[in-house]
Amino acid sequence: MAMTVHVDIVSAEGNIYSGLAAMVYAPGEMGELGIAPRHTALLTRLQPGEVRVEKANGEMEHFYVSGGLLEVQPHVVTVLADTALRARDLDEAAALKAKQRAEEALSGQVAEFEYASAQKELAQALLQLRAIEKLRRAQGR
Amino acid sequence: MAGAKEIRSQIASIKSTQKITKAMEMVAASKMRRSQERREASRPYADRILQVISHLAHASPEYKHSFLLERPRKRVGYIVISSDRGLCGGLNINLFRKVLHKIQEDQREEIEPIFATIGTKASVFFKRFQGRILAQANQLGDVPHLEDLIGLTKVMLDAYQAEEIDALYLAFNEFVNTMTQKPTLYQMVPIRSETIDAVRHRWDYIYEPDAKSILDTLLNRYIESLIYQAVVENGACEQAARMVAMKAATDNASTLIDELQLVYNKARQAAITQEISEIVSGAAAV
């Protein structure tokens, strides 16, 4: 029987894959990695790309990861996959957005809880418009 | 007979309210089950990442990441997780009260609070409280995604690294069981040493590119996963609390209907009796 290694692919939102493999291929930060059973302990970051798991019967499983970490121990390979596409500038943009939302809420213009008063104003404006329309029609005659 | 008619329409309106609360109860029950599953699904990732962090922290003791170091506190950050919608009993208020209690304690030592809020209820509350809100994430929906939390997490962790805050707490409701949700305040950063003291190995990894940058990434991911887990857990709590609240409302509606039904029967009976006695006395007079 071929030697196998246990593979777990997990993300923060759930388990993606768990099973035995004869070989695992992953896009490491310093280059593509092929990991056979009894590989020495290794820890590396992953680049966005494809993780391939070759099962004992030669079947291939493909997983797309948008980054994350790869942890290798002689009998266990763990892929801690990121769920989202991560890049420094993308994170920065997300951070800015979260800040912006807080500022907007504090200046009190877009906030959810002003909804009621906004609705009232809208109703008033609609009534005014309707009144104006009526007046116009009356003049038109 | 006017009384009877009013009571009848009142009963009808309570009945339709009861139908709504009953439906909400059932919806909450099924959503609760799914949130619990999501909570379970997020466990392996956090456990695994924590194991690797503990290993790294012990393997390279000369490198102390700022997330692992205590420093004197002048400002403390709070990430408060709440629901977006109401009708879930005292869930949010109990949590806010717990946070306020801690803030009051801190104020005696002149520590200033800074907030990041997740969920509409928290942002409304802490805005009114006149707190400094650095970031917020609202309307995450029933299926929260990690992507929606990245920005908020980064703002708070950057603030920690820039020494704008000296500790970061996470406030959320812990799911004990359907009837009990425990408001919890958890110190995320600096990471408590007992959290990472568990494992010791004699071997070491090969690091690509190097241990420090990997530890940085790991710590960030760990904190993100903690926040994500808390959001999911709080979601399960929200549904459980709503389920209980709606069940109580449905029961209350039933009692109300029963009581009104009695009053209605009496009024109807009285009207009939009166009518009969009028007819009888009319007949006697003729």
Side-chain angles (χ1 to χ4, degrees), chain A residues 8-16 18 26 28-31 33 39-46 66-74 76 78-88 90-108 110-115, chain B residues 37-38 40-49 51-52 55-56 84 115-117 120 123-124 127-128 132-139 143-158 201 203-209 211 213-215 217-218 220-221 224-225 228-229 232:
Chain A
D8 283 312
I9 303 181
V10 290
S11 80
E13 290 179 16
N15 243 326
I16 297 171
S18 179
E29 200 176 50
M30 319 267 290
L33 291 163
H39 190 286
T40 184
L42 170 94
L43 200 58
T44 184
R45 273 197 299 238
L46 292 178
S66 41
L69 284 139
L70 174 76
E71 190 222 357
V72 183
Q73 284 179 36
V76 193
T78 314
V79 179
L80 299 162
D82 286 344
T83 40
L85 204 58
R86 304 289 293 260
R88 188 158 270 278
L90 276 180
D91 279 15
E92 208 77 57
L96 272 177
K97 216 184 258 173
K99 263 190 185 164
Q100 223 167 28
R101 273 197 299 266
E103 278 155 19
E104 272 170 11
L106 284 181
S107 64
V110 205
E112 184 91 0
F113 35 95
E114 316 283 13
Y115 192 67
Chain B
E37 278 161 19
R38 263 194 292 281
E40 290 307 316
S42 67
R43 284 249 165 93
Y45 181 83
D47 290 349
R48 196 79 213 133
I49 226 168
Q51 269 176 30
V52 181
H55 182 96
L56 272 179
D84 277 325
F115 302 102
T117 60
T120 318
S123 46
V124 174
K127 185 195 170 192
R128 211 176 294 156
R132 235 182 99 196
I133 303 177
L134 267 193
Q136 62 179 11
N138 292 341
Q139 307 291 340
V143 188
H145 287 295
L146 194 76
E147 287 137 87
D148 306 325
L149 301 169
I150 292 171
L152 176 130
T153 315
K154 190 167 164 55
V155 170
M156 291 315 262
L157 290 182
D158 283 354
H201 300 294
W203 47 270
D204 201 1
Y205 292 105
I206 299 172
Y207 301 104
E208 278 183 21
S213 65
I214 289 183
L215 187 58
T217 319
L218 270 175
N220 277 310
R221 292 290 185 277
E224 273 165 19
S225 79
Y228 174 77
Q229 270 190 319
V232 174

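Order of the sequence lines fixes the chain letters, A, B, ..., with proteins taken first and strands second; residue numbering starts at 1 for each chain.
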* Structure fact -> Under 4.5 Å to a heavy atom of chain A? For Ser213(B) that would be both
* Between Ala137(B) and chain A, which part of the residue has a heavy atom less than 4.5 Å away: side chain, backbone, both or neither? -> both
* To do: Identify the two heavy atoms, one from Ala12(A) and one from Ser42(B), that lie closest to each other, and give their separation to 0.1 Å.
  => O-CB, 3.1 Å
Atom [atom1] in [X], atom [atom2] in [Y]: separation rounded to 0.5 Å?
X         : Y        : atom1 : atom2 : answer
Leu218(B) : Leu69(A) : CG    : CG    : 5.0 Å
Asn15(A)  : Glu40(B) : CG    : CD    : 12.0 Å
Ile214(B) : Glu29(A) : CD1   : CD    : 7.5 Å
Glu224(B) : Asp82(A) : CD    : CG    : 7.5 Å
Tyr205(B) : Thr44(A) : OH    : OG1   : 12.5 Å
Thr78(A)  : Gln51(B) : OG1   : CD    : 8.5 Å

* To do: Would you mind checking which part of Glu13(A) comes under 4.5 Å of any heavy atom in chain B, side chain (CB onward), backbone (N, CA, C, O), both or neither?
  => both
* Non-hydrogen side-chain atoms of Ile206(B) and Leu43(A) separated by less than 4.5 Å -> no
* Asked: Hey, does the side chain of Arg221(B) reach the backbone of Leu80(A) with a donor-acceptor pair shorter than 3.5 angstrom?
  -> no
